Structure formats: structure tokens, C-alpha cells
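Working notes for the structure below.
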Amino acid sequence: MADAPLTIFQVAGRAMSAQLVRMNTTASNLANAGAITSSPDTAYRTMKPVFRTEYDKATGLATVNVERVVTAGEDPTKRYDPSNPLADKDGNVWEAAVDQTRELVDMMETARNYQNNVEVMNTAKSLIVDTLKLGH
Amino acid sequence: MANDSLFGVHGAALEVRAQRMGVLASNIANASTPGFKAKDIDFKSALAQVEQTGDEGDAPTDLSASTLYRVPLQPSLDGNTVELNTEQTAFAENAVAYQTTLSFLNGRIAEVTRALKGE
């Protein structure tokens with residue numbers, strides 16, 4: 001698969017996969033917003049995918065892959081809450097610092113990009129089908 | 001190019017349109033990749049290039065000489081020069097033009113078929 005030249009369907013398809021990974025990280029981030037743990041090491045940190053363009057020399061096309069998923073964003077916030085069952089011996093808990101507004105904006109952008117790629121794929125498909133029907 | 005007389009400019013035009021569709025699809029696919037530079041095919045020079053080189057078997061003509069970087073209307077901080085509205089407009093325009101070329105080809109095929117049948 002890696003050696004074969006890219007087609008327009010692979011370009012749009014891989015971009016959709018990449019956007020889906022991004023959507024999944026956003027969902028995880030939002031699900032863990034404000035999650036509380038008893039140490040800063042175990043606290044949830046915001047996850048972000050790293051997008052990398054993949055060029056195809058044979059066709060001149062370029063698609064996108066998720067190179068890796070990294071943790072980014074703010075450190076967990078320490079809060080003094082001795083009544084919390086998860087509090088450590090000093091009475092502190094750590095709260096996952098997820099910027100929810102940013103995550104929601106990211107989610108909207110991801111959805112829009114995904115839709116665009118679906119549209120590209122649909123258009124390409126109908127044009128190719130029309131080309132196959134040439135002369136009929 | 002042997003089929004030049006049969007299909008005229010439309011064979012070359014279809015090839016350029018097909019390749020441009022791929023380039024624009026690549027731009028849309030990389031709409032959120034930091035540092036990606038959007039490209040587009042200059043239709044006029046690409047058409048001249050395809051007509052000049054002619055039909056060389058199955059391999060598509062290399063149009064990298066006619067593929068230029070797009071100048072963004074408003075550069076973004078992450079170095080990405082894809083502007084979705086520009087790309088969507090270009091993609092739609094290209095799809096319509098592709099379909100137009102197909103209609104020309106279909107018309108030509110119907111014309112020649114009618115002539116062959118002697119109707």
C-alpha cells in the first residue's frame with residue numbers, strides 16, 4: 001500500500017482518518033476535564049495529535065497522517081481539599097487542566113474539515129463515474 | 001498526438017482538470033496541518049504543457065512546472081497557507097469545468113458515432 005501511488009480517495013480518506021483521531025483526542029480531553037487524582041503524575045493531561053503531511057512524489061499529491069499523539073497544555077492544578085477521598089496526606093488533590101472552550105472550538109474545526117473531505121470524496125467519485133460512462 | 005484531431009483540446013483539458021482536482025484535494029486534506037503550503041495548477045500553462053508533450057502512454061504528464069504555491073490572502077501563524085473558502089471555490093469550479101469537458105467529449109463521441117452509422 002505504501003509503495004502504490006496515492007489516489008484522490010486515499011488523500012481524502014487518510015485526511016478523514018487523521019481528523020477522526022483528532023476528534024477522539026478531543027472527546028477524551030472533554031471527558032476527563034476536571035478529573036481529580038491524588039498525585040500530579042497520574043493526573044490526566046490534554047492530548048493532541050501531531051499532523052504531518054505525506055507527499056507522494058509519483059503523483060504530486062499530498063495527504064496527512066497523524067505522526068504521534070502528544071500530551072500538551074497546562075499542568076494539573078493543585079487544590080487543597082482535605083475532605084476529598086482522593087486527597088493525599090497533605091490534603092491536596094490534582095485536577096486535570098483541560099481548556100474546555102479550546103477543545104470545543106477544536107471539535108468544531110475537526111467536524112468541518114471532516115465534512116470537507118467527505119465532500120471532496122463524493123465529488124471525485126461522481127466525476128470518475130461520469131468519466132467511466134463516457135460515450136454512453 | 002494521434003487523437004488530437006478527434007477530441008481536439010478536450011483530452012488534454014480533462015487530464016489537467018483531473019490532476020488539478022488531486023492538487024486541490026491535497027490542499028483540503030491538509031487544511032489543519034501546520035506549515036503546509038497550498039499549491040494550485042495554472043490551467044493555461046498546464047494545458048499548453050500537456051498539448052506539447054502529447055500522450056505518452058498511461059503515465060500522467062508531470063505538471064510540476066505549472067504547479068505554483070498559492071499566495072494566502074491572510075497568512076496564519078502556524079505557517080499553513082490553506083484557506084478553505086478559496087480551496088472550496090477552486091474545487092467546485094474545477095469540478096464543473098471537468099464535467100463541461102466531459103460533455104464536450106460526449107458530444108464529440110455521439111457526433112462521430114452518428115456519422116459512422118450513417119444516420
Side-chain angles (χ1 to χ4, degrees), chain A residues 5-19 21-23 48-67 105-136, chain B residues 7 10-11 14-15 17-39 41 46 59-67 78-80 82 84-85 87-88 91-113:
Chain A
L6 277 177
T7 66
I8 192 166
F9 293 105
Q10 281 171 313
V11 170
R14 288 198 198 178
M16 278 155 71
S17 308
Q19 297 294 349
V21 171
R22 191 178 174 199
M23 185 70 95
K48 291 281 170 201
V50 178
F51 283 8
R52 177 78 68 212
T53 308
E54 185 187 324
Y55 294 98
D56 185 28
K57 282 202 174 68
T59 53
L61 298 176
T63 185
V64 62
N65 286 326
V66 176
E67 197 179 57
V105 171
D106 243 24
M107 187 182 74
M108 275 158 54
E109 196 193 318
T110 309
R112 286 292 300 277
N113 282 329
Y114 191 94
Q115 281 172 344
N116 274 324
N117 282 300
V118 172
E119 210 59 49
V120 165
M121 210 179 233
N122 267 332
T123 310
K125 188 189 78 182
S126 66
L127 286 178
I128 287 170
V129 168
D130 286 350
T131 313
L132 283 172
K133 288 188 197 146
L134 205 61
H136 286 281
Chain B
F7 289 128
H10 301 302
L14 196 70
E15 186 181 336
R17 289 295 176 197
Q19 289 209 33
R20 184 162 181 239
M21 183 163 69
V23 171
L24 294 174
S26 304
N27 290 346
I28 294 176
N30 283 285
S32 43
T33 316
F36 181 82
K37 306 295 178 204
K39 290 184 204 170
I41 288 180
T61 316
D62 181 21
L63 292 179
S64 48
S66 308
T67 309
D78 65 357
N80 184 306
V82 180
L84 267 181
N85 43 0
E87 302 303 332
Q88 279 172 322
F91 192 84
E93 183 245 67
N94 191 60
V96 171
Y98 188 100
Q99 215 131 33
T100 312
T101 304
L102 279 184
S103 310
F104 278 124
L105 287 172
N106 265 326
R108 184 77 181 131
I109 291 168
E111 204 174 276
V112 172
T113 311

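Just so you know, these numbers come straight off a predicted model, no measurement behind them.
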Looking at A/A62, A/A124, A/A15, A/S126, which makes the most heavy-atom pairs under 4.5 Å with chain B?
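Winner by heavy-atom pair count: A/A62.
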
Contact leader toward chain B among A/T110, A/N117, A/T53, A/I128, where contacts are heavy-atom pairs under 4.5 Å:
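Of A/T110, A/N117, A/T53, A/I128, A/T53 has the most heavy-atom pairs under 4.5 Å with chain B.
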
Show the nearest heavy-atom pair for residues [X] and [Y], with the distance to one decimal.
X      : Y      : result
B/N106 : A/K133 : OD1-O, 4.4 Å
B/A29  : A/V64  : O-CG1, 3.4 Å
B/S32  : A/E109 : CB-OE2, 3.7 Å
B/I28  : A/N116 : CG2-CB, 3.8 Å
B/I109 : A/G135 : CG2-CA, 3.7 Å
B/A25  : A/V120 : CB-CG1, 3.7 Å

Below 4.5 Å from any heavy atom of chain A, which atoms of [X] appear? Answer side chain, backbone, both or neither.
X     : value
B/T33 : both
B/Q88 : side chain
B/A95 : both
B/L84 : side chain

Portion of A/R52 that has a non-hydrogen atom of chain B nearer than 4.5 angstrom
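Contact with chain B: backbone only.
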
A/F9: partners by ring-ring contact (aromatic ring centres under 6.0 Å, His included), with sequence neighbours left out:
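For A/F9, no residue satisfies ring-ring contact (aromatic ring centres under 6.0 Å, His included) once neighbours in sequence are set aside.
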
Which value, rounded to the nearest 0.5 Å, describes the distance between [X] atom [atom1] and [Y] atom [atom2]?
X      : Y      : atom1 : atom2 : value
A/I8   : B/Q19  : CD1   : CD    : 11.0 Å
B/L105 : A/D130 : CG    : CG    : 12.0 Å
A/T123 : B/Q99  : OG1   : CD    : 9.5 Å
B/N30  : A/R14  : CG    : CZ    : 11.5 Å

Evaluate the side-chain proximity of B/Y98 to A/T131: yes if any heavy-atom separation is below 4.5 Å, no if none is.
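With C-beta onward as the side chain, the pair touches.
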
